[in-house]
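Whatever order the structure lists them in is the order used to number ligands and atoms, beginning at 1. For this chain, numbers begin at 1 and follow the sequence in order.
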Amino acid sequence: MQLKNIKRLELPATADMHVHLRQGDMAKLIAPTVRQGGVDTAFVMPNLVPPLITVAQVLEYQKQLMAITHGVKFLMSLFLHPSITPEVIAQAAEAGITGVKMYPQGATTNSDSGVSNLESFYDTFSAMEKHGLVLNLHGEVLESLAPSGTTLEEAFLPTLKTLHERFPDLRIVLEHCTTAAAVEAVRACGPTVGATITAHHLYLTSNEACCDPFAFCKPIPKEPTDRDALVRAVTSGDPKFFFGSDSAPHPLQSKTSASKGKAPAGVYTQPYVTQLVLVALEEAIERGVIMEADVTQDKLEGFLSRFGRTFYRLPESPENRIILERKEEKIPVSVVSEKGDIEVGISKAGTEVFSLTWEQV
Ligand code: DOR
Ligand code: ZN
């Protein structure tokens, strides 16, 4: 496929296996942008205020999201916390909750009640293994625990291996992986271990993340070699790697008014997630990291839609399809709420992208 010369693409709807949709008025602005990006299935993160630590809270949140927007299947998660006992896992499985997200305490946005000692959750993981819930890992160690000369993600990888060895039937996702070492570590594990890759980690590096608040996120984008290893994982056709945008909206003002290095972490890509993956692949072809022939219809479908669904045991092909056409559309600077009181900056504003429509059935 010569991506650069392609004027029209038809794909199955994208499955976005890692989204932040927030709550209240922010959720009302953000949740409808899921469909805009070509997504019909979204796995929703639980790092709200307060975090979602009961089955009832998760179900209430799902109801709110479904009231805001139609045409998206919201897969839900609990926030790993001492109150998530094996009994809660049994209830969660019964209620159709998909996964449990582990945040190291204080590692990122709204993670103050996160985990400080993973071993204390082994009974919970055992119950998750038994009931078929997925363990979703924010795979970073705390800065205070990181040996020098290695990234927070690389320092976490031995923990991934330990968890997999201890719970071989537990499905584990290393979320938003960002390093060549993480790609290798996930490959080295059995088929119960997968990883999400975002759109933005396919085009950002530490050079932008250090200095542009709209490129700042956790895990921080790394070296060009890491970015390129992620691109190769995407076009490898390996079903262990599937799309999860980690689109994470923050009020524009909180990004622009923060002093240097203090902006909240999160890159907002949701309204253009599918297109931004294509932009990143085009850029990688231009850099010579991959060849035109490495991007095929089958590989795009696999990464964007099929592999995530398969890992999560959903039907492989969605009922919905999307059409992408080149019409000189450019990514706008932001999305703004109806009242004008909430604005969120979009990543890569000004970039020309495919225009996306949903196929009528
Ligand atoms: O950059 C990030 N933003 N990384 C995360 O892990 C959380 C997210 C958020 O919720 O803002
Ligand atoms: Zn996230």
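- Those atoms of ligand 1 with a heavy atom of T108 less than 4.0 angstrom away are 2 (C), 4 (N), 5 (C), 6 (O), 7 (C).
- Among the atoms of H18, an N, O or S atom falls under 2.8 Å from the Zn ion (ligand 2).
- Taking 2.8 Å as the threshold, H138 does not count as a candidate ligand of the Zn ion (ligand 2), since none of its N, O or S atoms lies below it.
- Look at E154 and K222 and you find no salt bridge, because none of the NZ, NE, NH1 or NH2 atoms lies under 4.0 Å from a carboxylate O.
- Between the side chains of Y103 and E175, not a single donor N or O lies within less than 3.5 Å of an accepting N or O.
- With respect to D238 and R187, a salt bridge is recorded, a charged nitrogen being found less than 4.0 Å from a carboxylate O.
- For the residue pair T274 and T14, a side-chain donor N or O sits within less than 3.5 Å of a side-chain acceptor on the partner.
- In summary, of the residues considered (I53, V55, T54), a side-chain contact (heavy atoms from CB on, under 4.5 Å) with V88 occurs for V55 alone.
- Taking a cutoff of 4.0 Å between a charged side-chain nitrogen and a carboxylate oxygen, K330 and E328 do not qualify as a salt bridge.
- Note on E184 versus K240: no salt bridge recorded, every NZ/NE/NH1/NH2 to OD/OE distance being 4.0 Å or above.
- Taking the ring centre of Y203 as origin, the terminal cationic atom of K348 falls inside the region bounded by 6.0 Å and 45° from the ring axis.
- Residue C217 approaches ligand 1 through these ligand atoms, each under 4.0 Å from one of its heavy atoms: 1 (O).
- For the pair R321 and W358, the cation-pi test (distance below 6.0 Å, angle within 45°) is failed.
- D246 contributes OD1 as its N, O or S atom closest to the Zn ion (ligand 2).
- Residue D246 has at least one heavy-atom neighbour below 4.0 Å for each of these atoms of ligand 1: 4 (N).
- Listed by number with element, the atoms of ligand 1 under 4.0 angstrom from any heavy atom of N47 are 9 (C), 10 (O).
- Annotation: Y103 places no N or O atom under 3.5 Å from an N or O atom of ligand 1; distance criterion only.
- Ligand 1 has no N or O atom lying under 3.5 Å from any N or O atom of P219, backbone or side chain.
- Across the listed options R22, H20, H176, R22 owns the non-hydrogen atom lying nearest to atom 11 (O) of ligand 1.
- Heavy atoms of H250 come nearer than 4.0 angstrom to ligand 1 in at least one pair.
- At a heavy-atom cutoff of 4.0 Å, ligand 1 is contacted by no atom of V267, backbone or side chain.
- Of all atoms in ligand 1, numbered sequentially from 1 with element shown, those under 4.0 Å from a heavy atom of H138 are 6 (O).
- Residue-level proximity to ligand 1 for M45 is absent, since no heavy atom of it falls below 4.0 angstrom.
- Residue N110 does not touch ligand 1, judged by heavy-atom distances below 4.0 Å.
- Atom 3 (N) of ligand 1 has its closest protein heavy atom at A265 O, 3.0 Å.
- Atoms of ligand 1 lying under 4.0 Å from any heavy atom of A248, numbered from 1 in the order shown and given with element: 3 (N), 8 (C), 9 (C), 11 (O).
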Chi angles and distances behind the salt bridge (charged side-chain N to carboxylate O under 4.0 Å, His left out) call for E165, K161: CA-CA 6 Å; E165 281 168 0; K161 187 163 184 266; 3.4 Å; yes

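- For atom 4 (N) of ligand 1, the nearest protein heavy atom (residue, atom name, distance) is K218 O, 2.8 Å.
- Comment: R287 engages D228 in a salt bridge, judged by a side-chain N to carboxylate O separation of less than 4.0 angstrom.
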